[in-house]
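Read the numbers this way: they start at 1 and go in the same order the structure lists the ligands and their atoms.
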Amino acid sequence: MRFFSTRGGEAVGLIDAVMRGLAPDGGLYVPDALPRIEPSDVRGESLAEIAAEVLAPFFAGSPLEAELEAIAKDALDFPVPLKPLDGGAGKLAVLELFHGPTAAFKDVGARFLAALMERALPLVPDERKGPLTILVATSGDTGGAVAAAFHGRRGIRVAVLYPKGQVSPRQQHQLTCWGGNVRAFEVAGSFDDCQAMVKAAFVDAELNRRHRLTAANSINLGRLLPQVAYHAAASLWHHRRHGTTVGSIVPTGNLGNGLACLWAKAIGMPIREVVLAVNANRTIPDFLATGNWQPRPSVQTLASAMDVGNPSNMERLRHLIPDFAELRAAVEAYPVEDEQIREQIAKDARRYGEIWCPHTATGFWVYDHLPEARRSLPWIVCATAHPAKFDTIVEPIVGRRVEVPPALAELLERETSATPIAPELGALAAELDRWK
Ligand SMILES: *Cc1c(COP(=O)(O)O)cnc(C)c1O
């Protein structure tokens, strides 16, 4: 399979698309045509087995084709249960995507990307000596997932930049507890300063020559593909158990999770329909309502990992369904306010005995507000993070302590260290040069 930028240009192979992240013209990589897969042809049971089958057409013709099974096994080695909430009647289930090392669904994408890049690296000719250096600016979740996923990978090192005093204590722990090939830089500035430093580093030709700089952000095809796999797996598990197609409610911000589900449907998986849940950042629902694409600055909400005012993956979605009327028929999106998130967390703790993180709560709010006739159809709601990651929000609402999952607890026991740096490219460059 070959991949093109959403803005056109030359075709590249899977490895180039993944190693570049963003296409040179600023577009996002998409396959030349999505494959069609017959659900009954998929034999695998586990997520890793299903991923290896469903993603095979995307790896076809790549030098990594024979490695796909190993990549899937290596990356997707934690449980992703589809848990019924209705005693098994097949009407409502939650897909728990948060059992990875940093307790959020970003572990799925980051771990697959890391496993893929580690195997791609020896196949990429480069006259520059030394390791690949991944730069990540983070306001919380992404940095932890990327650091965890790349920790201990051969030939790759990770520099995480985060704004001093602006991430939660648990998030900071997840960014600073690695050592080895992962270093955390505490920037005396804002998240925007961190991001500006990373962007400046990527356009600095001299710095790029000295270090092989690359990104691992969420628009990378290597993060999107495994997300297609879990939406595929969930719909197949549902179909095998109940014989029906299922609707999927997907909390999303940058539209990564939402687009992955629409790709899973487009390749033929038994997904009846896709409904997106967003927070008070309403760019996507406003667009679907009016046809006007109006990106705007993000607003802060309780579901902070979805605070996106200019969702990048809309470019991939419009490429998938260019006609606006068709797009509108294929996707729905509903905004959920902070107050509604709080109410939903309280309500479902009583109703199901389950505590949602604020992102997951947007999905359940949307479920509860579907018209009665549609609510009686089968649905899966995606749970994107463990509530223990958002204990300071969730615990006062439900009035009890949230138990910390073992993987996260283990990580919170680790020693931490971070290097303070000034919010300037020069300071970052000096640290990279000194890093042995
Ligand atoms: C990143 C994130 C999201 C949103 O993911 P998209 O890729 O923007 O759809 C939702 N929930 C959690 C917990 C996240 O970390």
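- Atom 11 (N) of ligand 1 has its closest protein heavy atom at Thr384 OG1, 2.8 Å.
- Of all atoms in ligand 1, listed by their number and element, those nearer than 4.0 Å to a heavy atom of His359 are 11 (N), 12 (C), 13 (C).
- Of the protein's non-hydrogen atoms, the one nearest atom 9 (O) of ligand 1 is Thr252 OG1, 2.5 Å.
- Among all heavy-atom pairs drawn from Asp348 and Arg351, the shortest one is OD1-NH2, 2.6 Å.
- For ligand 1, the atoms sitting less than 4.0 Å from at least one non-hydrogen atom of Gly253 are 4 (C), 6 (P), 8 (O), 9 (O), numbered in the order shown with element in parentheses.
- An N or O contact shorter than 3.5 Å is missing between Gln227 and ligand 1 by distance.
- Counting heavy atoms under 4.0 Å from ligand 1, residue Thr142 does not touch it at all.
- Looking at residues two or more places apart in sequence or on another chain, you find no ring-ring contact (aromatic ring centres under 6.0 Å, His included) involving Trp263.
- Of all atoms in ligand 1, listed by their number and element, those nearer than 4.0 Å to a heavy atom of Ala305 are 1 (C), 2 (C), 3 (C), 4 (C), 12 (C), 14 (C), 15 (O).
- Residue Ala104 has no N or O atom closer than 3.5 Å to an N or O atom of ligand 1.
- Judged purely by distance below 3.5 Å, without hydrogens or angles, the side chains of Asn279 and His359 never pair a donor atom with an acceptor atom.
- Nearest protein heavy-atom contact of atom 1 (C) of ligand 1 is Lys106 NZ, 1.4 Å.
- Of the options Val275, Ile249, Thr362, Ile380, a side chain to side chain contact (heavy atoms under 4.5 Å, CB included) to Tyr367 is made by Ile249 and by none of the others.
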Worksheet item: Are Ser312 and Asn254 close enough, and set up right, to give a side-chain hydrogen bond (donor to acceptor under 3.5 Å, both in side chains), and what steps lead you there?
Response: CA-CA 6 Å; Ser312 318; Asn254 206 28; 3.2 Å; yes
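- Considering backbone and side-chain N/O atoms, Asn254 comes within less than 3.5 Å of an N/O atom of ligand 1.
- Of the protein's non-hydrogen atoms, the one nearest atom 5 (O) of ligand 1 is Phe105 CZ, 3.3 Å.
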Worksheet entry | side-chain hydrogen bond (donor to acceptor under 3.5 Å, both in side chains) assessment of Asp307 paired with Thr301 | CA-CA 7 Å; Asp307 291 349; Thr301 75; 2.7 Å; yes
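- Below 4.0 Å from some heavy atom of Ala385 lie the following atoms of ligand 1, by number and element: 13 (C).
- Within ligand 1, the atoms closer than 4.0 Å to a non-hydrogen atom of Asn257 are 6 (P), 7 (O), 9 (O), numbered from 1 in the order shown.
- Met306 CG, 3.5 Å is the protein heavy atom nearest to atom 10 (C) of ligand 1.
- When only modelled atom types and interatomic distance are considered, Arg223 and Asn220 share no side-chain donor-acceptor pair under 3.5 Å.
- Ion pairing between a basic and an acidic side chain is recognised when a charged N comes within 4.0 Å of a carboxylate O; Glu337 and Arg342 show no such pairing.
- Applying the side chain to side chain contact (heavy atoms under 4.5 Å, CB included) criterion to Ala145, with sequence neighbours excluded, gives Thr102, Lys106, Asp107, Ala110.
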